[in-house]
Amino acid sequence: MTIQLMPFQARAADQIAARYLLLTGDKRRPMEWQGWPTPFYQALAALTGAGKTPILADSVAQIRALMEREPIVLWISKSKAVVDQTLSNFSPGGKYQGLIESFLVTTLGEIDSVLISDDSQAALVLATVGSFNQRAKGEGSLKVHQRAEDTGDAALWEMLAARAPVGATERRPLIIVYDEAQNLADQQADLLLELEPEVVLVASATMRTPNRLGQIVSRLQQAGWTDQVIQDVPDQPQKGLVTAVRSGDVVEAGLVKRQIVLGGYSTEMETALADMLSDFEAATLKAEELETGFKPKAIYVCRTNVTLDDGTTDVASRPFRERRARPILIWRYLVEVANVDPAQIAVYCDLKVDRKAFPPPDDFRLFSGGEDDFGAFTAGNFRHIIFNQSLQEGWDDPECGFAYIDKSMGSAVQVEQVIGRVLRQPGARHYADPDLNTAHFYIRVDDKQDFQRTLNSVRAKLGAEMPEVRLEGFSDARDRRKSRLEPREPATAPEIHIDSDAAVHPMDEVLAKLPDYTADTVNTQGPGEHIQAIQTIGDGSDAKVVTKARDHSNRVVARWLIRRAMQRLYPEAVKTVDWADPRFDARVEVTSPAAHHLRDQAEKLVDVFLEHAELAFEMTNPYSVGAVLTRPDQLKRFVHSLHEGYSDISPSEMPFAQAIDDLGLKWMRNPSNGGYSIPLLEKGGSRQFFPDFLVWKDGVVYAIDPKGKHLILEDAGRKLLAIRDEKGNEFVRVRLITEGKWQADPIRKLAPDGYSVWRLSKVGKVRCTHHATVDAAVSNAVEAVAPALT
Amino acid sequence: MRDLDKLSREDLIRLLQASEAQELGGIRLTYPGQTAPWQIVRGVQPRGQRIDPRLSVGTEEEQAENLIVEGENLQAMVSLYKYRGQVDLVLTDPPYNTGQDFRYNDRWDEDPNDPDLGKLVPADDGSRHSKWLRFMTPRLWMMKEALRPGGVLAICIDHRELFRLGMLLDSMFGENNRIAIINWQKTYSPKTTNHVSTATEYVLVYAKDASLAKTQLLPRDEGMDARYKNKDGDPSGAWKGGDATAPEARVTTVFGVQSPFSGALHYPEGEHVPGNPVPPPSHHWRLSRAEIKRSLEACGVKYEERDLGDGRGKALVIRGSKIGLAAYKADADRALAAAREKALAARATKVWPEFYFADTSTGLVGGGRPALKRYIDKVAKGRIPWTYWAADEYRDPLVLGPQSWEHEESGHSQAGVAELTAIMGRSHAFTTVKPLRLFKKIIQIWCPPRGIVLDPFAGSGTTGHAVLELNQETHSRRRFVLIEQGRPERGDPYARGLTAERLRRVISGQRQIGKASPLQGGFRFSKLTAKVDAAAILALQREEMIDLLLTSHWDQAERGAAHLHRLPAGTHQYLFAKSARGEGYFLVWNGPDQSSVLNRDAFRMIVAEAHAEGLSHPFHVYARRTTYSGPNVEFYQIPSRILEKLGFNEAHQLYGTGTLPDPVAEDAA
């Protein structure tokens, strides 16, 4: 697999596939009519940045492995630009190609009867809605509905509905995927259902199902399926119609930006642009310094052909320098004032120019062809993009972190729409500099009230969809500049590695007991027959049960099966296994007993890994403390902190911060995501622990977290307390603090008063000490050894 | 009749497909043994590459840019997984099926992995077209797979297979994506023949997606530029006169303008003849009233706005002029006389205004219609290519020695042969070499300045030569990937003896005939080895493993980027290469029998090596396992991540490690 799916992405895809199996194995699967069982329906609720496309692609691949013959997948998007982008991601060399490697990927315009009838080859066919959406197909002008003698006997749409493979009696299964389901109209749904699909997968940020599809949904609901969001336990699929991706997973995985900062400007355009470009330059330098491997990009959103001042139409038939259209004015500011290289600027909008009489400068890169220009535009990899709403869906470059919104755009709605474009995080990780984890907005408004309205509406939208993303607003540019605080002196802490040397042997022992399925023909097969109930709707008669022999589904290699299962549970564990063992070369059906056993073993391997892996600090791999973002009006200043102060300390944490500052030691408030992190050795993901405070004392870094209660109850949390190097040294000491009086063995709370500090004793046992005050707890926490028990 | 019950399911399907193909209807190319290309390609197994440093040319950085692969081209294209979807232009000259240039191996029908090139297919072979189509289909398919979404295929062909190749490409690429059938003149001296002397060949040009592909303009020729002059010393550069009007009426820009030279009143539609009615407006001025007025007054003449009753808004007339619609005696207009004097003086001494009055055809200065200046640096930068390319564009007089002219008489593509002869001497026995300028022109039109050109039938290496020369001439950084096998049975391994050797001489400037300056650049020469699977990878020695990594490694973000730069062997324990971005690549591998674990000790050594070399994060480490994962390390597990970079699908393909000793079992014992 070229792309390593995030555990939460793989879980979503697996859940969809498992639910498909649940429906096909259901004796009471309803029928639409004889010969067409009610399609499997699944809605994927995933927000921007969650990786909707790879999850759907992986779902399709997983479902294919469960099918008896090679399917055709019809993958529908609204616009050609999205189709082009998906095609290039799925094509050889594309970033998602590894997920759908068994499929031949093409577009609706290119398929023909040969491909449709070749059932030895799975096919994935991309199409825009527009290419088939037509009410009266008979007189239709669309190619897919026309009979074309040149290419075959029937219209493409009819051939697709028939899907008759050469030399077989049953038609090939059809999977329909729609990646913008909220846009699906009834007419489109009708046309798609004419194809009698076996599976319908839709993705949507909102969960409204179109009416016509609603009929399928209600039929499934009668059979016990529910549109409630359910999170399945692996291998125990529920009859759920919706698979939802938690926004928290998306943020934690580093797929979206950590925060959004809105700046309001009631000044002229030049001031806003100047501010943005200076921040942009600083971020570019930071990105380079931190070796992030990307350069930030900026977008400029404005209306196209109106003048800046009075909103009248700008005339194209005048010299370039005399034109007042906003894209031109912004371009000229960038080139003439800010000295941006014109080769880095694209103007992507339908700007009118008179190329004959008044050609724009040669290096003015205008893409006014809409969808037709999209390919050339994306290929240009521009760093400054001036556009209006016409910038295609599908363009959401993670490297884009800066947005200027012109006054001509008006309402807050525009800001909300633009946020989706800049929310993805480049490199899918958060960096040590907060500016690189932030979407920066520079919005020109009429006045401060206007800005407040915008801020409120964005806050409402974000709060509903992605509460984990922070939002800040500044109507004063000076505040904004002051919000970024560099450390007063450089400081580092050793990064934490996972040392799994001790896990190798125990894992090998688990593998040694792995049965060899390479020559096994019995256990590697799935159930041999499949049962269908045919229920006539509405007349109250009993379902007619039909049993028929089942062809065998596609087999997969055991190695892939185990690796995927481990990947989903704890990706690091995969790297400790030697995958060359020939027993992994067995081919099994995913529904077979062998597959079940192998998945169990995968879980066991992960358990063994987590049990034996330990955390180790690595002096040669230092983490450097970077700048923090604060709110100047809420800044709490400290004397000894690394930064001048912090504004994100909650009231319950404040006494700890004050107590730490009073110690007189160098310390900092550690920002979550992008800050200093320690891996949590727990199953089910790749979560990181971000300690609230770091304190430097005598060459040792103390990581103090006063919200330690949930951690101390988990194995993974207790492992945090034992971070050592190979010699047993401790240069990073995690101190968890819980409220109240506790005992360590067994762990339980004894009384509500005071605070308990948790650490590991010399002999490696968890112990806690009780302290009456925050100050006492904190000063004890930065001691190497606990005081004698009282 | 075949024994049907002995056939496998796949074979039966193929058979049925062949018979059903007729029933599928439509217009389609069918031929015996037709198999869908995706089915053939599925059966081709990727191979490894072994770099031959002695045949490679240039510094490590230069070598990392370009590649010559020795081997069978279908297998090579499957193995060049790094380039899948990355190539901008496939430019190639396949066998024309002349009876002397095309070989076919019958075993390919069963197993496309057979490396043998097969037997020459003679011109009287009754199956020659079927064989040629069976040969070309999977290769064209792989060329298409190699193209990026906006990529272009340009393939040379002559009359023998033109029709069949066109049909094949139409069905594979779609006829909407056919960009051109270029007809280029290969000779300028007709051969004696009973009928018609063949003077042209073809280049079929297809885009993977015509809506995404870009056809560049050809550079403007001198004739076009000659029409732009600078007779008035305009600081904005050379210009020529253009129409000052545009079709369609506008409210504000249809007014009359009086000429300071003739006194005549000009409307956008034409010059007004006193006494005639003014027609309803159908055209308008391209400039605004203010701009026109500024131009008119540039010579010092004062203009005023006056309503002449023409219903077109106030006209711009010379202040005090007696002009009227019904009658006007120009000779008696004193205001005009004064204005004419100023205008004529300015005409001779000053830079003309943007809106000016042309001379009449009889030479009367300023007596003609208004015109607009069009500056040369504001017009389109080139010519649109035509489908007919005449021979004089390819003749390269520079390298032709006096001896070469005999080729011209023999009627072959003389320039190409002469170019090759000049470099390699006369013994090359090539009679059909494509002229360099033909290939340079194609590359210029369809490969962007930093693009990649692939030629799977590289032959004498014209494509590589053209890329290197263009890079030099246009300061571009195009890169090439050439594949050639040659004819070993002739004792002529010509990927080495010809393709690589020609390019070596092109780069060094060495010539057999005439002189040439050296060209910048270099290339890596690698040979396709045996099939790679996990077992084969795990059996490699360290240096062999490095070869494989150098040729197969890619990052998704910049997949088609130049290869890694290799460091001299033995200088580091782990570090073996750097990327162009300055990131280090490390290999924990000392042969099949040694442990390969990225553990704490290995990590610290890697950090030390990275510091010593000043390398930036992250560290890219290849090893069989890691037990010390942490931030700033990109870990690639051997063999799975190597196989993945070769296009191996772990879900469906086996490692084939069954024959290896089982380390786990040994441990347990």
Side-chain angles (χ1 to χ4, degrees), chain A residues 1-2 84 87-88 91-95 98 101-102 104 109-110 113-114 117-118 120-121 149-153 166-167 291 317-318 357 359 372 375-376 379 495-501 504 508 511-512 556-557 559-560 563 572 575-582 584-585 616 618 620-621 726, chain B residues 10 12-13 16-17 20 24-27 36 38-39 84-86 145 149-150 174 211-212 214 286 288 372 378-379 534 538 556 559 599-600 603-604 607 616-617 624-632 635 637 639-640 644 649-658 660 662-665 667-668:
Chain A
M1 268 196 299
T2 294
D84 283 348
L87 180 63
S88 97
S91 293
K95 65 176 166 179
E101 214 145 34
S102 313
L104 192 108
E110 287 194 7
S113 47
V114 178
S117 63
D118 181 0
S120 71
Q121 175 63 56
E149 290 185 334
D150 285 355
T151 51
D153 292 334
V166 174
E291 294 163 355
S317 58
R318 56 172 65 238
D372 294 338
E495 292 274 23
I496 307 300
H497 285 233
I498 300 171
D499 180 358
S500 54
D501 252 346
V504 172
D508 283 349
L511 287 171
V556 296
V557 178
R559 176 178 296 109
W560 175 83
R563 190 201 285 266
E572 292 300 328
K575 303 173 183 171
T576 311
V577 175
D578 180 357
W579 293 100
D581 190 318
F584 290 133
D585 263 357
E618 180 51 60
T620 65
N621 195 4
E726 72 278 21
Chain B
E10 279 73 29
L12 276 169
I13 287 173
L16 279 164
Q17 269 172 347
E20 284 214 354
L24 286 171
I27 305 171
W38 51 86
Q39 291 180 357
R84 210 72 68 85
Q86 305 301 314
E145 296 265 290
S211 70
L212 300 176
K214 188 126 180 89
R286 285 180 184 269
S288 68
L372 275 186
K378 297 222 172 131
V379 295
L538 294 174
Q556 187 59 48
R559 179 164 174 155
N599 52 22
R600 190 190 320 253
F603 178 81
R604 291 199 180 145
V607 171
S616 56
H617 288 156
R624 202 155 163 181
R625 308 188 192 198
T626 177
T627 58
Y628 201 60
S629 50
N632 302 323
F635 175 71
Q637 195 160 17
S640 51
E644 168 202 307
N649 184 347
E650 196 181 56
H652 304 290
Q653 286 170 279
L654 301 179
Y655 270 19
T657 43
L660 285 181
D662 184 341
V664 176
D667 279 0

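Naming convention: chains lettered A, B, ... in sequence-line order (proteins, then strands); numbering from 1 in each chain. Keep in mind that what you see is a predicted model, and the values were worked out from it rather than measured.
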Student: Might you point out which heavy atoms bring B:Tyr655 and A:Ala580 nearest each other, and give the distance in Å?
Tutor: CD2-CA, 3.9 Å
Student: Between chain B and each of A:Asp499, A:Leu87, A:Ile496, count heavy-atom pairs under 4.5 Å; write down the option with the most.
Tutor: A:Asp499
Student: Using non-hydrogen atoms and a 4.5 Å limit, figure out which bit of A:Gln121 sits close to chain B: side chain, backbone, both or neither.
Tutor: both
Student: Between B:Ser288 and chain A, which part of the residue has a heavy atom less than 4.5 Å away: side chain, backbone, both or neither?
Tutor: neither
Student: Excluding sequence neighbours, so at least two apart, what forms side chain to side chain contact (heavy atoms under 4.5 Å, CB included) with A:Glu572?
Tutor: A:Ile498, A:Tyr570, A:Lys575, A:Phe609, B:Ser629
Student: Determine, step by step, whether A:Arg563 and B:Ser640 satisfy the side chain to side chain contact (heavy atoms under 4.5 Å, CB included) criterion, reporting the C-alpha distance in whole Å, the side-chain angles of both residues, the deciding distance to 0.1 Å, and the verdict.
Tutor: CA-CA 11 Å; A:Arg563 190 201 285 266; B:Ser640 51; 3.1 Å; yes
Student: Are B:Gln39 and A:Asp118 close enough that a side-chain donor and a side-chain acceptor fall under 3.5 Å?
Tutor: yes
Student: Return the option, out of B:Gln637, B:Gln653, B:Lys214, B:Arg286, with the maximum number of heavy-atom pairs under 4.5 Å with chain A.
Tutor: B:Gln637
Student: Please flag which part of B:Glu145 lies under 4.5 Å from any non-hydrogen atom of chain A: side chain, backbone, both or neither.
Tutor: both
Student: Quick one: list whatever passes salt bridge (charged side-chain N to carboxylate O under 4.0 Å, His left out) with A:Glu495, sequence neighbours left out.
Tutor: none
Student: So what's closer than 4.5 Å to chain A heavy atoms on B:Pro149: side chain, backbone, both or neither?
Tutor: side chain
Student: For B:Arg600, is it the side chain, the backbone, both or neither that has a heavy atom under 4.5 Å from a heavy atom of chain A?
Tutor: side chain
Student: Using only atom types and a distance under 3.5 Å, with no angle test, would you say the side chain of A:His497 pairs donor to acceptor with the backbone of B:Tyr628?
Tutor: yes
